[in-house]
Amino acid sequence: MKNLQLDGEKKRIFSGVQPTGNLHLGNYLGAIKNWVNLQNDIFSIFSIVDLHAITVPQEPLKLKSSTHEVAAAIIASGIDIDKSILFNQSLVKEHSELAWILNCVCRIGWLNRMTQFKEKAGKNKENATVGLYGYPVLMAADILLYKSTHVPVGDDQKQHIELARDIASSFNNMFTSDNEEDFFTLPKPQIIGEAKRVMSLRDGTKKMSKSDASDASRINLTDTKEEISNKIKKAKTDPHPLPSTLQELKDRPEAHNLLSIYSSLSDQTLEKVLKEFSGKGFSYFKPKLIDLAVETLNPISLEMRNLLKDTNQIDKVLKNGAQKAREIAEPVLKDIKNLVGFIN
Ligand code: AQP
């Protein structure tokens, strides 16, 4: 395990994913694919954030099986558990403890601006849980507990990272004196690749999401070749041929989405993909996208199925990861408690 202690200019990554159902192409391209690339250069901590998952009601047995599935998906996608840390959040109690302290730093006005709460609570705000409202504070705790410097996420999480920076900065002002080095470095979001926000296959203006009622709206990492193929064939499009410039994609959300997915899966810029398909119809483009999606996702889903045959082994991996995570978290939280004025 390299680099457990953070010294000098060292970078450290934290990122998480909720066990709220099967992972989809958005989670893969927006987050996990980038994690796999980054783990070779930067010491990384990845968490299956089950404490976040229960901010909306979860069926307990389903939560357990989703946690196994997400762990299997992350490992099958290429996260190396000897190089990086992988654990489920509730095994490291310091996350909840720090969240409480940060609840006493974060201002209600800051939380009131969070768009994800507005979207998830919908019209029935009074009925949303306090946990859903405070979700971004727990997320700030997740990141800051490891003194993380970088947080690779999809574009939808940018506002939450900005809030984590505000909370860290406020904590520094409250508890670090002028002649001391700031306790927290302000974490930076890393929003990488051409598919920063993968959209629904049924509606190019809506984010691809696990909780969308329509399974046809997303490609799950567990989908078979046939399912991937059918979903892409049925994906919403428009009647025009594919354009040659980014400008012309502006009012064509479905075309933009499918081309961005192709570009991210093939590790090419969107400009290059536009050059390749300019003037062609969707009937020409979609089979190419199907081939590429199947080629990338099929090995992942096969490996996932293999890993899921032994869930005891997955539990062992997560517990071992949690132990390593606590080696970092415990002393950081002790320092924080000390700064706040707790006897510990
Ligand atoms: N559509 C997306 N495009 C790009 N990135 C995405 N991410 C999620 N959806 C997209 C990124 O995946 C990581 C894990 O997300 P999450 O599961 O913790 O939560 P989420 O953003 O709320 O994802 P969902 O699918 O929309 O879940 P539900 O439906 O349960 O709320 C994050 O880095 C996120 O940016």
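Order of appearance sets the numbers: ligands from 1, and atoms from 1 within every ligand.
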Donor-acceptor pairs under 3.5 angstrom involving side-chain atoms of residues 258-266: please list them, not counting sequence neighbours.
unit_1 : atom_1 : unit_2 : atom_2 : d
Ser260 : OG     : His256 : O      : 2.7
Ser263 : OG     : Gln268 : O      : 2.9
Ser266 : OG     : Tyr262 : O      : 2.8
Ser266 : OG     : Ser263 : O      : 3.4
Ser266 : OG     : Gln268 : NE2    : 2.9

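Defined by atom type and a distance below 3.5 Å, a donor-acceptor pair is missing between the side-chain atoms of Asn22 and Asp223.
Listed by chain and residue number, Asp238 satisfy the side-chain hydrogen bond (donor to acceptor under 3.5 Å, both in side chains) test with Arg252 (two or more places apart in sequence, or in another chain). Residues satisfying the side-chain hydrogen bond (donor to acceptor under 3.5 Å, both in side chains) criterion with Asn298, sequence neighbours excluded, are absent altogether.
Sorted by chain then number, the residues whose non-hydrogen atoms approach ligand 1 to under 4.0 Å are Gly16, Val17, Gln18, Thr20, His24, Gly26, Asn27, Gly30, Ala31, Gln116, Lys120, Val153, Gly154, Asp156, Gln157, Lys196, Arg197, Val198, Lys207, Met208, Ser209, Lys210, Ser211.
For Lys206 and Asp212, the salt-bridge test passes: some basic side-chain N is under 4.0 Å from an acidic carboxylate O.
In this structure, Lys288 fails the cation-pi test against Phe285, since its NZ or CZ atom is not both closer than 6.0 Å to the six-membered ring centre and inside 45 degrees of the ring normal.
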